[in-house]
Amino acid sequence: MPPVQVKGEVVSNKMLGAYHHMTVAAPGIAEQVRPGNFVAVGIGGAESSMLLRRAFSIYTASDRGVYGGTVEFVFAVHGKGTEWLARQRAGDPLDVVGPLGRPFRLPKEPLTATLVGGGYGTAPLFSLAEALRGKGCRVDFVLGAATTDRLFGLLEAKRISSSVAVTTDDGSTGERGRVSDVLPSVIERTRSDIVYACGPMGMLRAVADIAAAHGMPSQVAVEESMACGIGVCMTCVLPVRGEDGVTRMARSCVEGPVFMGDALRWEALGTVPADCLGAPVEVH
Amino acid sequence: MPPVQVKGEVVSNKMLGAYHHMTVAAPGIAEQVRPGNFVAVGIGGAESSMLLRRAFSIYTASDRGVYGGTVEFVFAVHGKGTEWLARQRAGDPLDVVGPLGRPFRLPKEPLTATLVGGGYGTAPLFSLAEALRGKGCRVDFVLGAATTDRLFGLLEAKRISSSVAVTTDDGSTGERGRVSDVLPSVIERTRSDIVYACGPMGMLRAVADIAAAHGMPSQVAVEESMACGIGVCMTCVLPVRGEDGVTRMARSCVEGPVFMGDALRWEALGTVPADCLGAPVEVH
Amino acid sequence: MSETVTTLRVPRQDPAPLGIDLSTRLAGVYFPNPVFTASGCAAAGQELGQFFDVAKLGAMVTKSIMLEPRSGRATPRMAETPSGMLNSIGLQGPGIEVFLQRDLPWLAERGARTVVSIAGSSVEEYVKLAQRLRGKPGLTMLEVNISCPNVEDRGKVFACDARAASDVIDAVRRVSSVPVFAKLSPDVTDIVAIARSVVDAGASGLSMVNTLLGMAIDTKTMRPVLAGVTGGLSGPAIRPVAVRCVWQVHQAMPEVPILGMGGIRCGNDALEFLLAGASAVSVGTAVFGDPMAPMRIIDELRAALAERGITDLADVVGRAHRPPEPYVPEGPDPEVADQ
Amino acid sequence: MSETVTTLRVPRQDPAPLGIDLSTRLAGVYFPNPVFTASGCAAAGQELGQFFDVAKLGAMVTKSIMLEPRSGRATPRMAETPSGMLNSIGLQGPGIEVFLQRDLPWLAERGARTVVSIAGSSVEEYVKLAQRLRGKPGLTMLEVNISCPNVEDRGKVFACDARAASDVIDAVRRVSSVPVFAKLSPDVTDIVAIARSVVDAGASGLSMVNTLLGMAIDTKTMRPVLAGVTGGLSGPAIRPVAVRCVWQVHQAMPEVPILGMGGIRCGNDALEFLLAGASAVSVGTAVFGDPMAPMRIIDELRAALAERGITDLADVVGRAHRPPEPYVPEGPDPEVADQ
Ligand SMILES: Cc1cc2nc3c(=O)[nH]c(=O)nc-3n(C[C@H](O)[C@H](O)[C@H](O)COP(=O)(O)OP(=O)(O)OC[C@H]3O[C@@H](n4cnc5c(N)ncnc54)[C@H](O)[C@@H]3O)c2cc1C
Ligand SMILES: Cc1cc2nc3c(=O)[nH]c(=O)nc-3n(C[C@H](O)[C@H](O)[C@H](O)COP(=O)(O)OP(=O)(O)OC[C@H]3O[C@@H](n4cnc5c(N)ncnc54)[C@H](O)[C@@H]3O)c2cc1C
Ligand SMILES: Cc1cc2nc3c(=O)[nH]c(=O)nc-3n(C[C@H](O)[C@H](O)[C@H](O)COP(=O)(O)O)c2cc1C
Ligand SMILES: Cc1cc2nc3c(=O)[nH]c(=O)nc-3n(C[C@H](O)[C@H](O)[C@H](O)COP(=O)(O)O)c2cc1C
Ligand code: FES
Ligand code: FES
């Protein structure tokens, strides 16, 4: 199902701890959303000095309701664009493109899955959890954040999963520490078969390493700076090892944002590894 | 009294025929306003692609009231900036600099004055009329516009003047034609001593010519594209003959917008007349 | 070329609804409308094909292709700037062979007119690319991206040196089966001199302009934002510079067709380039913010011509160079200017 | 200079509240803070004096002055563009004699440090201007605007020719009583080459950059907006180009002091130029939108340094050229980057 561009409308924009929870009426998008997809939102209108869309993982989408299809996402104010977005109110127009990106892949058989979320990175994991449970999978959550106000969806996680482990850097909720501190025990306790994760790069890498160490597959949703979000600009690339064993600079907006944890060249992030296809040869 | 920069707030923004009537709480500005002054309004906020202020003649200013000082102006939607301004609602912030420009000069003695306004150009004439009447002058109005919905302040003009003549291009109100068609008869009927005018250049020129033909002085408020409005950029210049008989490119934002009708080099507008101080000498 | 022309006259290319003829010609090649994509801002068409029919474009201009696969540069590769953006992609691409197998046929099947942009690091590489592309179905024109470092001249960019630029163009046009457009960089002291040299070398036309060299520094990390340190500035921010380049070159060589680009975001922007002397335009960065931009701009341009009572696009090309028309509204406030 | 320095150390120059030292030196001259006005964007100070005390500026840079009075060009002289503006003023001004009688004394009385910008159409004119300014009270530095047509070379702009540029600078610095800064144009193929030539000719420092040549066409009248057809592009739109120029020149000649400018609108923008290698900055177009901009930018810059735990402005000059600090936040989302 191809992405569509929709002149949507803000239904609500609420503070949620340190984050904003945005609901947008975006008919045509909601219907097609799968867990792990994201939307790209236009910022500031035609006279804005900000040309580029901002990408947000879809928290949930519903194709029913008075507004026709709605899409919800959770965002942190980071810079000028999200500041503007935080100021938008119910009824304001919002230009949305989506659904974008490759979603999480679901297992054929009913497995035990551990879902790891960092900060707002937890947002896309709830629809994933539901899809997994729909396939008869067991779902356990590990949620982490710097502080409690950045811990997203704890109650919801408890409602829809078999167990939830929580960490915060300051220990204000759950264990003091990182998700990577508790993930191994969770995996072992639940005899997990697969790990799904979304959050900052540092966390994703730690999660992928742990999964690998336990000889299990992981899928991680990355966050790379994106200019277009639709695959035409080549700004959002990461070094990824393909089925054929060859590393390519892969576009995270169309080949991702969900990648297999063992396909990402973690050690080479932010570089072009020498063995990458078409890597620059030093001219002497 | 130097101009000030004020973080003001929109009190109201109402449609008025084809125009918008904007009231802004701008304490510090209102107190100093004199007839013919203008304000320069910031457009679109910090992330706007529009850097320059928009200039608007002050319709009226009041230093009393709940909002502290308020300033009112009347504007037509012309391009992107005024489109934005038209969207602003009560409570929205508005950055205003003012009062700017040289106001109309008032006569010492109680004279008979004809005030000529074209379209929204009528706006600054009401405070002028009050000031003139305060000095015991007789005030007559000549108002013109393309169509009735662009005729501003007809009732108010009737209330505060001895007579009002009206023209519209389409004849929908008053006489069909231009203000210049009726001005001579008004001048003669009222034995006017001086003419004040504000409106588009074409009208101002016609008014100044008629005043000159009647051997009487005129003051006209011009409208030139302005980048700064405070006298530092040199974009808003017009060829003006000084007391010393020498023509200079004068900044309409600080030496104007009000000029003596006979000082403006009408025939040379949009050019640099050869006899202008420092005019380019052809290099061969 | 006549073949191409006729085959392109089929209705689905929407020649001119509302009785307005948007068709244009570049070096004798017919295009049903003047709105093209910009190289590197539309990949090879498949992605935009999800949003609109690429055959509805005046032409599809493909990402500059090189002989071999290229990884491009490390990330971050982009930075947003006021009304613009910086990019330093480093010409990532699959190489000409994959392009010929996978991308060009896809475009040909859909009936898209395709302008293939080629990039090399030596005259020889450009020539090889042009040879591989000879007579390939779907190929309508070549755009030669000479804003590339010349390995044979200590990495000096071809486009910044009249001699190097014309060497490339001369060599390419000798082997090309289609018209050859030279894509110029605005980062030069005298754009007209460069334009002259490539036209003298046989360029059929000029694509103007490529990005301006710029950079941004992250005040948090206190380091350059881009891994490549400097990058190309694009978007509405550069439009005045791009329009000036088109104006100057059309002024100097009115007979040379120009594909204008740089910050086109709406129909009026496109019209500005046409008035300056461009016969067609490329829409680049605007696509990132609005994937439908090229289709929207075609409609807006058609409406803009209609408003002005113009029925033929050709009437606006270079028109700003003509003396002012009598009916220019006087005074700054059109609505009461008739007072 | 030592005199100047001491006299400038009086408290009302606000040396460094919050224990942050914003003072900087250009060619040995002390300035209490690095925020200057830009030539042509602050006239000669009187108008801005209504909004703030001009002595609080790092320095006041005056509108380029010529020998004789100048009417400048016809109107329209400006066009707003995306995040920028075009101007074609044509160096309107009263001439050096009026400037010396009326403007410079006004600035001197107020204790403002004044950088006088001079412009000429021949080497001789520049020299005469520098001679008239010799030892005048209030004169702190000369900025030589070489973005002017050279009547002796068919109107070719001095700044676009290394030879012409260095001829002017060499002649001026021989007669000047104060440091001489050469103001460079970004409209050149190789800014480093031009910079080198003027430094070799004896420039004490460089002002970078002047406006980019651009133009706009009014799609209603279908004619150029500016009476002068082309004009200078300024504002945030050009900042990435300006920062790149400063970066390249500082990279090549780290010892040469740079007055950086081009699109500075807030304290972070100023910091970006300092990190690129500028020792001070000029604020131009931003003043049109916000007359208080220079004062605001001083405060924002001080706050930005405080946030980063930097107490001395000198620590950020050119810092972006140094290898990255260890504590650079990883990942795109700082707030949970510590996960
Ligand atoms: C696939 C994907 C999913 C995302 N999901 C979420 C989410 O659910 N919630 C949330 O709060 N944020 C999310 N982000 C990050 C979000 O896109 C950025 O926080 C946002 O773009 C910052 O914009 P800004 O204008 O506030 O910051 P600025 O720094 O002003 O942005 C400047 C430019 O850099 C880009 N940029 C800056 N930071 C990031 C970043 N971290 N990732 C990508 N681009 C960036 C912007 O898109 C813009 O083009 C996601 C990013 C991606 C790529
Ligand atoms: C002293 C003075 C008083 C004015 N009083 C009024 C008033 O009371 N009511 C009213 O409706 N308009 C008034 N104007 C005109 C008003 O400033 C313009 O209509 C407005 O700037 C147009 O901005 P825009 O963004 O809508 O148009 P755009 O065309 O997008 O503006 C682009 C640029 O051109 C400038 N510009 C465009 N048209 C004009 C113009 N006619 N005059 C000056 N600058 C212009 C803008 O300031 C801006 O910098 C006045 C202008 C001046 C100089
Ligand atoms: C991300 C990006 C990649 C680009 N890649 C190329 C390229 O491969 N070849 C080329 O000739 N121009 C390339 N360009 C330049 C554009 O084709 C165009 O000339 C320039 O961006 C100005 O147009 P715009 O402002 O509409 O984007 C690229 C531009 C961008 C923004
Ligand atoms: C209206 C205007 C007039 C200018 N006049 C001059 C001038 O007389 N001399 C000069 O050296 N630069 C002049 N400049 C260039 C500025 O000094 C500055 O170099 C340029 O505008 C970039 O800075 P900014 O983006 O902060 O404006 C002028 C710029 C503007 C906008
Ligand atoms: S963001 Fe443009 S290709 Fe991914
Ligand atoms: S608008 Fe700047 S001097 Fe008048």
Side-chain angles (χ1 to χ4, degrees), chain C residues 76 79 81-86 157 160-161 185-190 212-224 229-231 233 235-245 247-248 263 265 267-269 271-273 275-276 304 308 316 319-320 322-325 328-329 332 334, chain D residues 76 79 81-86 157 160-161 185-190 212-224 229-231 233 235-245 247-248 263 265 267-269 271-273 275-276 304 308 316 319-320 322-325 328-329 332 334:
Chain C
T81 67
S83 297
M85 70 173 280
L86 289 162
V157 172
C160 293
D161 178 59
S185 163
D187 293 328
V188 294
T189 309
D190 184 351
L212 277 73
L213 190 65
M215 82 177 279
I217 295 172
D218 182 331
T219 54
K220 287 207 191 73
T221 63
M222 300 199 267
R223 295 279 308 153
V229 181
T230 59
L233 181 65
I238 71 166
R239 197 169 67 237
V241 173
V243 170
R244 182 264 302 174
C245 290
W247 170 277
Q248 288 179 321
R265 202 178 179 185
N268 266 335
D269 300 342
L271 181 54
E272 201 180 347
F273 277 86
L275 291 164
R308 291 157 183 74
V316 297
R319 183 169 187 150
R322 291 192 229 149
E325 318 279 324
V328 173
Chain D
T81 68
S83 296
M85 71 173 279
L86 289 162
V157 171
C160 293
D161 178 58
S185 163
D187 293 328
V188 294
T189 309
D190 184 351
L212 277 72
L213 190 66
M215 81 177 281
I217 294 172
D218 182 329
T219 53
K220 286 205 193 72
T221 63
M222 301 198 268
R223 295 278 308 151
V229 181
T230 59
L233 181 65
I238 71 166
R239 197 168 65 237
V241 173
V243 170
R244 182 264 301 173
C245 291
W247 170 277
Q248 288 178 321
R265 203 178 178 184
N268 265 337
D269 300 342
L271 181 55
E272 199 179 350
F273 277 87
L275 292 165
R308 291 156 182 76
V316 296
R319 183 168 185 151
R322 291 192 229 150
E325 318 279 324
V328 174

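Residue numbers start from 1 in every chain, and the chains themselves are labelled A, B, ... in the order their sequence lines are given, proteins ahead of strands.
Only the side chain of D:Leu212 has a heavy atom closer than 4.5 Å to any heavy atom of chain C. Contacts between C:Leu233 and chain D at a heavy-atom distance below 4.5 Å involve the side chain alone, from C-beta outward. If you measure heavy-atom distances from D:Leu86 to chain C, the contacts under 4.5 Å come from the side chain alone. Contacts of D:Val229 with chain C are made by side-chain atoms alone, with heavy-atom separations under 4.5 Å and no backbone atom involved.
When side chains are defined from C-beta on, C:Arg244 counts as touching D:Asp187, because their heavy atoms get closer than 4.5 Å. Annotation: side chain of C:Val241 is not in contact with side chain of D:Val241 (no heavy-atom distance under 4.5 Å).
Residues D:Glu272 and C:Met215 come closest through the heavy atom pair OE2-O, 4.1 Å.
Between chain C and the residues D:Gly84, D:Gly263, D:Pro240, D:Gly214, the most heavy-atom pairs under 4.5 angstrom are made by D:Pro240. The most heavy-atom pairs under 4.5 Å with chain D, out of C:Leu275, C:Leu213, C:Asp218, come from C:Leu213. Contact count versus chain C (heavy atoms, under 4.5 Å) is highest, among D:Ala79, D:Gly231, D:Ala237, for D:Ala237. Chain D forms more heavy-atom pairs under 4.5 Å with one residue of C:Ala304, C:Pro82, C:Pro224 than with any other, namely C:Pro82. Ranked by non-hydrogen atom pairs under 4.5 Å with chain C, the options D:Cys160, D:Ala242, D:Ala320 are led by D:Ala320.
If you take CH2 on C:Trp247 and CD1 on D:Ile217, they are separated by 6.0 Å, rounding to the nearest 0.5 Å.
Between the side chain of D:Arg223 and the main chain of C:Arg322, a donor-acceptor pair closer than 3.5 Å is present.
By the side chain to side chain donor-acceptor pair (under 3.5 Å) test, C:Asn268 pairs with D:Thr219, sequence neighbours left out.
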